[in-house]
Amino acid sequence: MRRTHTCGALRAEHDGLSVTLLGWVNRARDLGGLVFVDLRDRTGMIQVVMDAAADTIVGADALRSEWVVRIEGRVRLRPVEQRSARLATGDVEVEATVLTVLSEADTPPFPVDGSVDAADVNEELRLKHRYLDLRRPEAMAPLLLRHRVIKAIWEFLDREDFVQVETPLLTRSTPEGARDFLVPARARPGHVYALPQSPQLFKQMLMMAGVERYFQIARCFRDEDLRADRQPDFTQLDIEMSFVDQDDVLELNERLMHHVVRAATGTEISLPFARLPYRDAMDRYGSDKPDVRFGLELAVLDDVFAASAFNAFRAPLDAGGAVRGLVLRAPHAGAVSRKTIEELEAHAKQHGAKGLAWVRRAGDAFSGPISKFLGDGEMVALAALAPDEGDLILFVADRWSVACTALGAVRTHLRSLLDLPIAPGHAFLWVTDFPLLDRDEASGGWTYMHHPFTRPEDDDLPLLERDPGAVRAVAYDLVLNGHEIGGGSLRIHRLDVQRRMFAALGMDDAEARERFGFFLEALRFGAPPHGGIAWGLDRLVMLLAGARSLREVIAFPKNQRGVDPLTDAPASANRAQLDELGLTVRERVS
RNA sequence: GGAGCCGUAGUGUAGCGGUUAGCAUAUCUGCCUGUCACGCAGAAGGUCGCGGGUUCGAAUCCCGUCGGCUCCGCCA
């Protein structure tokens with residue numbers, strides 16, 4: 001059975017060598033007495049020539065795509081005029097002496113031989129037969145990249161004295177704020193395990209255990225609706241360090257990322273990464289994970305309209321909100337018609353804006369529905385932003401976060417609409433200085449922005465009770481090309497602070513003890529100051545691979561409804577299983 | 001929970017009120033010794049996602065439904 005070479009390895013230097021190859025028939029070309037087969041394995045393809053009349057070669061004319069065969073033969077140089085630049089092995093071919101069919105194969109449900117671009121094949125069908133899909137080198141490549149990324153992570157962190165520790169998958173509900181996946185416990189009727197949304201509390205307790213530097217490639221589970229960059233089970237690189245401040249964590253992560261990108265892709269990224277405070281990210285880009293590879297920054301127009309006669313702008317400002325503008329200069333502004341503005345407005349509205357106002361420079365003044373409301377001072381200020389005929393300014397006035405994010409959504413949409421160039425390379429960015437708490441729309445109280453173990457800035461501690469919204473967190477997100485690929489913080493390591501945090505979240509002592517008693521207990525016994533980060537590994541690999549969705553970098557991904565098209569999970573449980581767990585299924589009433 | 005886009009031979013698509021539902025490719029049969037998306041000749045292959053409606057007539061228009069994708073909500 002053993003092969004002497006892989007298909008992709010053969011070169012002119014192997015001329016004359018006797019070889020044994022194993023692989024799949026990518027395509028067979030039967031010329032009658034002569035049969036050519038492109039033999040494929042993970043490493044590549046090689047052309048095999050078979051004389052159909054030879055005694056030792058039986059059934060060459062019957063070979064079909066995706067059959068698995070063993071070839072014994074001799075490597076030889078192809079005639080000069082017949083060398084193929086398309087294949088890495090194109091200078092040579094293997095003249096078969098023995099053909100063994102190891103497996104026949106049905107005609108595949110979609111082409112896997114590279115004759116059709118996979119992006120053109122229905123994704124559901126590809127996922128249903130993912131083992132076939134992955135035979136295509138372009139489909140396999142992200143998995144190989146992912147392997148190199150993880151290997152590089154291990155190399156680097158091991159060298160930096162980190163210890164890999166595994167944490168349980170069957171555990172207790174963790175406080176990340178998402179819906180849990182629950183697993184009924186047979187031995188404890190009425191009780192459930194929860195699958196971890198992250199190893200957060202375990203890694204903190206590992207710090208309390210004195211591990212000091214921990215990491216794990218950790219599976220995490222969140223039962224929320226999916227997106228192109230969200231799967232219900234996903235992988236984090238989880239890191240936690242003791243006796244560190246924020247710069248220690250960021251600096252280590254930058255060096256780690258540098259090593260990973262170099263080892264996995266061969267490209268150099270420049271250090272250190274830019275840092276952008278959350279407030280600035282929102283003001284300038286309308287996003288807490290801005291894509292900074294193109295301009296089109298938002299303009300802060302609060303001062304311009306502070307005393308405006310235009311109520312739709314001034315009223316939000318009076319209520320503590322904001323007015324943001326997006327200026328489109330001459331060459332691009334001309335491409336944006338009223339119809340396009342309507343499309344952009346739909347986008348802004350989807351992100352919470354009530355509308356998208358606009359003015360266009362016309363001579364010394366402005367045209368557009370709201371131009372008649374502009375006062376002299378406003379005209380002067382806007383004219384400076386839009387000096388040329390036809391220049392366009394789009395506005396959203398609303399609550400600060402809505403004004404920023406709605407116009408931020410317009411910004412990214414405009415980029416693709418106008419096909420504005422994107423700076424090449426990887427745009428890594430730290431977003432820092434997040435608020436600790438955020439208004440909870442539902443309850444009217446406060447909720448955590450990161451998670452309830454995030455350390456407040458020491459200077460802001462007194463504000464925790466007086467003015468919770470003003471407390472800054474020592475928290476940071478890592479952003480790459482407009483995607484959040486990591487997030488972390490320093491953690492609370494003092495019991496009294498943790499209790500005040502819970503109180504600020506409206507959680508009384510009884511509830512805190514019920515949910516996190518074991519953790520509060522742990523905080524009593526000498527917890528080191530610590531902090532860390534978690535990388536969204538799937539997302540990082542997706543971006544490094546240039547893939548469009550997470551599904552391309554996961555071997556067996558789920559679709560948008562959380563269904564695995566291959567296994568058709570989730571499946572119904574049978575009666576005996578339910579009985580054993582003490583469960584009954586209620587018919588859905590609605 | 002909401003919005004948008006998409007469902008036509010195995011696959012990719014055309015057709016947008018009257019077609020024998022077209023094309024390419026794959027498949028099957030025959031021929032073929034230098035192909036490489038081999039070529040040539042022929043054949044078979046369709047519940048136009050499903051249900052209802054409008055119409056003399058529906059793949060085509062309308063409503064519903066199921067499925068897929070993208071986005072909002074949600075997810076630090």
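Note that this is a predicted model, so its numbers are computed, not measured. Letters go in sequence order (proteins before strands), and every chain restarts at 1. Note that these values count all heavy atoms, side chains included, but never hydrogens, waters or copies made by symmetry.
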How about A:Phe273 and A:Tyr476: are their ring centres within less than 6.0 Å of each other?
no

Is the distance from the ring center of A:Phe453 to that of A:Tyr448 below 6.0 Å?
no

Using a heavy-atom cut-off of 4.0 Å across all strands, would you classify A:Leu125 as base, sugar-phosphate, or nothing?
sugar-phosphate

Determine the contact category for A:Arg491: base if any of its heavy atoms lies under 4.0 Å from a base atom, sugar-phosphate if only primed atoms, P, OP1 or OP2 are that close, otherwise nothing.
nothing

Suppose you measure atom P in B:U8 against the same atom in B:U13; what distance do you get, rounded to whole Å?
8 Å

Please confirm whether the shortest side-chain N or O distance from [X] to OP1 or OP2 of [N] is below 4.0 Å.
| X | N | result |
| --- | --- | --- |
| A:Arg561 | B:G68 | yes |
| A:Arg551 | B:G68 | no |
| A:Arg64 | B:U27 | no |

With distance as the sole criterion, do the side chain of [X] and the base of [N] form a donor-acceptor contact below 3.5 Å?
| X | N | result |
| --- | --- | --- |
| A:Arg83 | B:C36 | no |
| A:Asp225 | B:G73 | yes |
| A:Arg230 | B:C75 | yes |

By the salt bridge (Lys or Arg N to Asp or Glu O under 4.0 Å) test, which pairs, at least two apart or in different chains, include something from residues 219-232 of chain A?
A:Arg179-A:Glu224, A:Arg219-A:Asp233, A:Asp229-A:Arg539

Protein-nucleotides 38-41 of chain B N/O pairs under 3.5 Å:
from, atom 1, to, atom 2, distance (Å)
B:C38, OP1, A:Arg27, NE, 2.5
B:C38, OP1, A:Arg27, NH2, 3.1
B:C38, OP2, A:Arg27, NE, 3.0
B:C38, OP2, A:Arg29, NH1, 2.9
B:C38, N4, A:Asp30, O, 2.6

Distance in angstrom units between A:Asp113 CG and B:G10 P, rounded:
19 Å

May I have the distance from A:His347 (atom NE2) to B:C71 (atom C1'), rounded to whole angstrom?
7 Å

Below 3.5 Å is the cut-off: list the nitrogen or oxygen pairs between protein and nucleotides 43-46 of chain B, distance only.
none

Which base, if any, makes a Watson-Crick or G-U wobble pair with B:C69, both distances under 3.5 Å?
B:G4

